[in-house]
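One structure is given below, encoded as structure tokens.
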Amino acid sequence: MRMSHVFSRTLREVPAGAESMGYGYLVRAGFIQQLGAGIFSLLPLGLRSVRKIETIIREEMDGIGGQELLMPVVNPADIWKETGRYFSIDKEMSRFQDRVGRDMVLAMTHEECVTDIARFEIDSYKRLPQLVYQLQTKWRDDPRPRAGLIRVREFTMKDSYSFDRDQAGLEKQYQAHFSAYFRIFDRCALPTIAVGSDSGMMGGKVAHEYMYLSPIGEDTIITCPSCGYTANRQVAVFKKEHNSGEMLPLEEKLTPNCASIEDLANFLSIDQRNTAKALFMMGTFVDSTTGEEMQKLIVGVIRGDMEVEENKLQNAAKANALRPAHTDEIKAAGMEPGFGSPIGCAQDVIVIVDDSVAKSTNLVAGANKTDYHLLNTNFGRDYTGTVADIASAAAGYACSVCSAPLQQSKGIEVGNIFQLGTRYSESMGCMYQDEDGTRKPVIMGSYGIGVGRLLACLAEQYNDESGLKLPITTAPYQVHLVSLVKDVEIAEKIYTDLTAAGIEVLYDDRKESAGVKFADADLIGVPVRITLGNRSLKEGNVEVKLRGSSEDAQAFPLASLVADTKDLVASLMADIRSNMVHRQL
RNA sequence: CGGGGCGUUGCCUAGUGGCUAAGGCGCUUGCUUUGGGAGCAAGAAAUCGGAGGUUCGAGUCCUCUCGCCCCGACCA
């Protein structure tokens, strides 16, 4: 491709509002352009990178037996009503009616659609296992798109779906994805870690997320440096110490202006771990068959020295959604914000008690009366509720496996894998007849990779003060040919020869100054830069420099340029291959 | 959905009630230059996001509205 013909152009200045390096460079280099909030066009350069990522994904998915198909973005709402997600998913899914008033949705994922296909295709155990995948546009009306391509509303996702006879089959496909995903990220040269995750709205059981660790990430990842335990904070567990002793009698105590745990502990001169605090949330519960919504107050009770992980609370309460409760809602249930506890609260309140509280004795808790707390509250004696782990893990807490102190970091989720089980096959009647003649629900798995987000992460990982430096497997071109000589013939010949040899060349044939050409080459960041200048041409050489390295340019003789360049490209590719590590669960 | 910020030419910005809205980048033309975002000269390009209002006078003040960004809520 000639630079003079490239559709996009480079920008000297970072567009307003580009807060991350990677995003700023993707815009400046002309890879992407924003159309609206969370809506981006991929320009030719960006699309070339995306196509390379997609090719890697296709090869690896095909490699584990996947068959590519393509499902529609617009779905009739009926199938989403069958699984209940039409009702349980809020505004994140966009809905509309067609001309005759039928309910339609923009599919934000394709479990319903693929299950609809599968219930037609799969009728016998002989037709299992199966694995299909697609690269398709998703629309999710995220309330808050941000950070360029990291969190968008419209994006391309690779999603695959596995169908199996039994759990063992599912686990085999899950394992195959687990390893294939690492191969994909390794080939893209994006460092990732797999972490245990919540299954969220997918409704499955076992799930992992692939995280690219980055300070701009929005997920918090808990890791154990000693034993290797990793999990998203949403589900991360840790070892909780708790005191226990003889239960003492309940006692009301005046605690003026002690609406926070810190104030309370200071006032009473006790450790925060000897207190219990209550978090009030309104939970939305949806009847999955009728779609009827109800709101119920949920009280999460946690020890004063910890925080509630809302995701855990939501799961424990089996709520579809949570929001902070308003003061009047809390008071209506007989509790007092700031001095609240489930002791003496209304009957229809859902009480979820962290196991640390349930196991501790004689905690100080709110008296549900302004400026009063109760000493020596005990779960079971003074109040009841569902016991669950609802505590938020954090750095410094003890690993539940090996007791070493946990660490926490920020990450961006670039992929995920879920063992769905029969959540969709049962609700949609995707059944097969087994060898023994019985009808059984197909066991499913669901696996996603955000393609654009992967590119965004690569841009974040691979850049410097001059621009992008994507690895050769995902850069839009392999070689950037910068001609600084008047004699266009020699440059044209090199361009033609390299291209004919199958090398992807971006050829700067513009009438620009050397500075402009070099700056643009650095910004776009094609891995191999070949410079044609009078200096080296006199000696029959061209200069070859790697974008990623700080080493000086090497001289390549013109005579063997094509072969040498091919070798160089191949060795860069091989470097990435050699860094691949086989990983399995 | 709460809180905050910003909308001025293709891009980045200045302009803080008063003459014809200014500069840099980019763009066009000509000459010069040609190894790290060149120089000179001449140009084109803006209904100041939109609507309404206050005022003798509004890019500037007020109201509404749309869009974008950030924090939070939210989120596979």
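Only this structure's heavy atoms are used, side chains among them; waters, hydrogens and symmetry mates stay out.
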Taking the P atom of each, how far is B:G53 from B:C11, in whole Å?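 30 Å, rounded to whole Å.
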Got a sec, which residues hit salt bridge (Lys or Arg N to Asp or Glu O under 4.0 Å) with A:Glu307, two or more places apart in sequence or on another chain?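 By the salt bridge (Lys or Arg N to Asp or Glu O under 4.0 Å) rule, A:Glu307 matches A:Lys277.
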Heavy atoms only, 4.0 Å cut-off, all strands: where does [X] land among base, sugar-phosphate and nothing?
{"X": "A:Arg153", "answer": "nothing"}
{"X": "A:Leu322", "answer": "sugar-phosphate"}
{"X": "A:Gln314", "answer": "nothing"}

Looking at A:Asp142 and A:Arg151, is any side-chain nitrogen of the basic one under 4.0 Å from a carboxylate oxygen of the acidic one?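 Result for this pair is yes, salt bridge flagged.
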Does the pair A:Arg510/A:Asp520 count as a salt bridge with the N-to-O cut at 4.0 Å?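 Salt bridge flag = yes for A:Asp520 with A:Arg510.
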On the side chain of A:Asp520, is there an atom forming a donor-acceptor pair with the base of B:G37 - under 3.5 Å, no angle test?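 Result: at least one qualifying N/O pair found.
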Going by modelled atom types, is there a donor-acceptor pair between the base of B:G72 and the side chain of A:Arg146 at under 3.5 Å?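 No.
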Of all the nucleotides listed ([options]), which has the minimum atom distance to the side chain of [X]?
{"X": "A:Leu484", "options": "B:G35, B:C75, B:C70", "result": "B:G35"}
{"X": "A:Pro143", "options": "B:G37, B:G36, B:C74", "result": "B:C74"}
{"X": "A:Glu92", "options": "B:G35, B:A73, B:C75", "result": "B:C75"}

Report the base-pairing partner of B:C75 (Watson-Crick or G-U wobble, both distances below 3.5 angstrom), or none.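 No nucleotide pairs with B:C75.
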Base-pairing assignment for B:G10 (Watson-Crick or G-U wobble, both under 3.5 Å):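 Pairing partner: B:C25.
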Residues that A:Tyr495 engages under ring pair (Phe, Tyr, Trp, His ring centres under 6.0 Å), provided they are two or more places apart: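 Ring pair (Phe, Tyr, Trp, His ring centres under 6.0 Å) list for A:Tyr495, sorted by chain: A:Tyr507.
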With a 4.0 Å cutoff (strictly under), does any side-chain N or O of A:Arg151 reach OP1 or OP2 of B:C70?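 Answer no for this pair, as no side-chain N or O of A:Arg151 is under 4.0 Å from OP1 or OP2.
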Tabulated below should be each protein N or O lying under 3.5 Å from an N or O of nucleotides 2-8 of chain B; please produce it.
none

So, the side chain of A:His110 versus the backbone of A:Gln134: is there a donor-acceptor pair under 3.5 Å, distance only?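 Side chain of A:His110 to backbone of A:Gln134: no pair is present.
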Side chain A:Ser20, main chain A:Tyr23, donor-acceptor under 3.5 Å: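 A pair under 3.5 Å: yes.
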What are the atom names and distances for every N/O pair under 3.5 Å that joins the protein to nucleotides 24-27 of chain B?
from: B:G24; atom 1: N2; to: A:Glu13; atom 2: OE2; distance (Å): 3.0
from: B:G26; atom 1: OP1; to: A:Arg12; atom 2: NH2; distance (Å): 2.9
from: B:G26; atom 1: O2'; to: A:Arg9; atom 2: NH1; distance (Å): 2.7

Tell me, which of residues 29-39 of chain A have any heavy atom that sits under 4.0 Å from an atom in RNA chain B?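 Per residue number, the list reads A:Gln34, A:Gly36, A:Ala37.
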Nucleic acid contacts - residues 539-550 of chain A versus RNA chain B, non-hydrogen atoms under 4.0 Å: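 A:Glu543 - these, ordered by number, are the residues of the stretch whose heavy atoms sit under 4.0 Å from the strand.
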Closest-nucleotide 5' rank along RNA chain B - winner of A:Gly448 and A:Arg535: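 By nearest-heavy-atom nucleotide position, the 5'-most residue is A:Arg535.
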